2 protein chains.
Amino acid sequence: MTQHSPQIKKGRKYDQVVTGARSVFLREGYEGASVDAISRAAGVSKATLYSYFPDKKLLFLEVATSECLRQAELARIQATSGQSVRATLLDVAQRVTAFTLSAFGQQVFRICVAESDRFPELGRAFYQSGPDRARAHLTEYLAEAVARGELAIDDCRLAADQFFELCRADLFYRLLFNVKDSVTEAEVTRVIDAAVDTFLARYRAPV
Amino acid sequence: MTQHSPQIKKGRKYDQVVTGARSVFLREGYEGASVDAISRAAGVSKATLYSYFPDKKLLFLEVATSECLRQAELARIQATSGQSVRATLLDVAQRVTAFTLSAFGQQVFRICVAESDRFPELGRAFYQSGPDRARAHLTEYLAEAVARGELAIDDCRLAADQFFELCRADLFYRLLFNVKDSVTEAEVTRVIDAAVDTFLARYRAPV
DNA sequence: CGCAAAGTGAACCGGGCGGTTTAGAGTGGT
DNA sequence: ACCACTCTAAACCGCCCGGTTCACTTTGCG
């Protein structure tokens, strides 16, 4: 889980710092998270923190981009070789909504939206490592299904975008704007079933 | 345009204050907007500003909720009596994307997302006066079309949500995350045409 | 052990913030 | 002319923030 890999990271408390920073940033946002609070949460002195990261901005970027990469992993489509198109789409929908609607995914999204003009590269990083990658995977899968004659799509990229949008329905926004604070399993399956139905109604290959 | 209506608003520079606050809040966000900057932008002394609004939070809420109401007006569906379903949907799509994708709509959304846990009531206000109202209108229209036998929908509310999601496609997120800074007319029509096509493929009444 | 590297904690700095005060300058009704 | 009211400009307050410094302790390795 911990990453010992990269070259120039010095001491032993690096992961502590990043973990603490992640929790505080996710809870408070960028401006709301004071460096003192972060060092406290990390169980590390402020001096130590600053020995790893020259300033708050860099620390935030490290946390944010690592979260983006983590998100990207979840978006990966399994080798769903044997499955039907419908089953595969349902699987993808489940995976992406699970992350999107989780409290954690919410906060990542929230912060990326909020800070993406203070940190323009953050918005792009999030988009590229998250939605963009997920879309690329699904697009590829759709193209293969088209080649097999199972789907009839002229623009697979657009179709993939449509599918992800359909999976959100309004559940996403209801959570995002604090209209409700959680979402039931039944609501999710209702939405993603409808998403798959609508998608296939448009793109299923004619008999 | 200016609102003389409510009861307890004292002096003549009220609108100046609100207008200046709006521009700065939209540009900088809540934390980023200093009261000094706002008073400067409003062409008003800080003392005057504080004579209208007891603190920064109240000023922000005034600006934000007034923007939400303004947004709600735009979401209203015209009396589209004579039109075909397809034409009406295209019209709705055009209207909603025009606001959603505008720089102004972007910023309103951004701020509401960012501040909706610091100001929980703000998120709800935005959702209710914006997306919720738009969905209600479209739901009503869809139900009428079903009654006329032009559409076949079992859950009009969910269908309306799906339609709005389809209209966004990924254009919205590409703007939100600074992947691109503007969007061409052609891209929009391509997306909303596809949205209407997909929607009708699922919900058009069988012959 | 001995010693250097890493970590600690608390004090400290400059600055910007939200918010208040004050002394005085426009403004308008009678 | 007068006065009550509004507005202005700038100084000011206390606070918290990001970041630095320093004297000190802990850790780990030969």
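If you're wondering where the values come from, they're calculated on a predicted model, not measured in any experiment. So you know, we letter chains A, B, ... as the sequences are listed, proteins then strands, and number each from 1.
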Evaluation steps, salt bridge (Lys or Arg N to Asp or Glu O under 4.0 Å), between A:Arg157 and A:Glu140: CA-CA 9 Å; A:Arg157 191 178 188 278; A:Glu140 188 183 356; over 6 Å; no
Stepwise ring pair (Phe, Tyr, Trp, His ring centres under 6.0 Å) test for A:Phe60 and A:Phe53: CA-CA 10 Å; A:Phe60 177 72; A:Phe53 296 94; over 10 Å; no
Spacing of A:Arg40 atom CZ relative to D:dC17 atom C1', expressed in whole Å: 12 Å
Length of the line joining A:Phe53:CZ and C:dG7:C1', which is rounded to integer Å: 16 Å
Separation of D:dG18 P from A:Asp36 CG (nearest whole Å): 7 Å
Phosphate OP1/OP2 of C:dA6: any A:Tyr52 side-chain N/O under 4.0 Å: no
C:dG19 base / B:Lys46 side chain donor-acceptor hit below 3.5 Å: yes
Phosphate OP1/OP2 of D:dT8 contacted by B:Thr48 side-chain N/O (<4.0 Å): yes
Sugar-phosphate only, base, or nothing, as touched by A:Ala37 at under 4.0 Å among non-hydrogen atoms: nothing
Between C1' of C:dG16 and CD of B:Glu31, the distance in whole Å: 13 Å
Pairwise 5' ranking along DNA chain D for A:Val35 and A:Ala47, keeping only the more 5' one: A:Val35
Rounded interatomic separation in angstrom, taking OH from B:Tyr30 and C1' from C:dC17: 11 Å
Gap between atoms CG and C1', on B:Leu49 and C:dT20 respectively (whole Å): 13 Å
Selected nucleotide, minimal atom distance to A:Ser34 side chain, candidates D:dA9, D:dG18, C:dA6: D:dG18
Aromatic B:Tyr30 / basic B:Lys56 pairing, under 6.0 angstrom, 45° off normal: yes
Geometric cation-pi criterion B:Arg124 and B:Tyr127, 6.0 Å radius, 45° cone: no
Integer-rounded Å distance: D:dG18 P and A:Phe60 CZ: 13 Å
Sugar-phosphate only, base, or nothing, as touched by B:Gly43 at under 4.0 Å among non-hydrogen atoms: sugar-phosphate
Gap between atoms CZ and C1', on A:Phe25 and D:dC17 respectively (whole Å): 13 Å
Minimum-distance nucleotide to A:Lys56 side chain [options: D:dG19, C:dG19, D:dT6]: D:dG19
A:Asp155 side chain vs A:Leu158 backbone, donor-acceptor pair below 3.5 Å: yes
Distance below 4.0 Å between B:Lys13 side-chain N/O and D:dT8 OP1 or OP2: yes
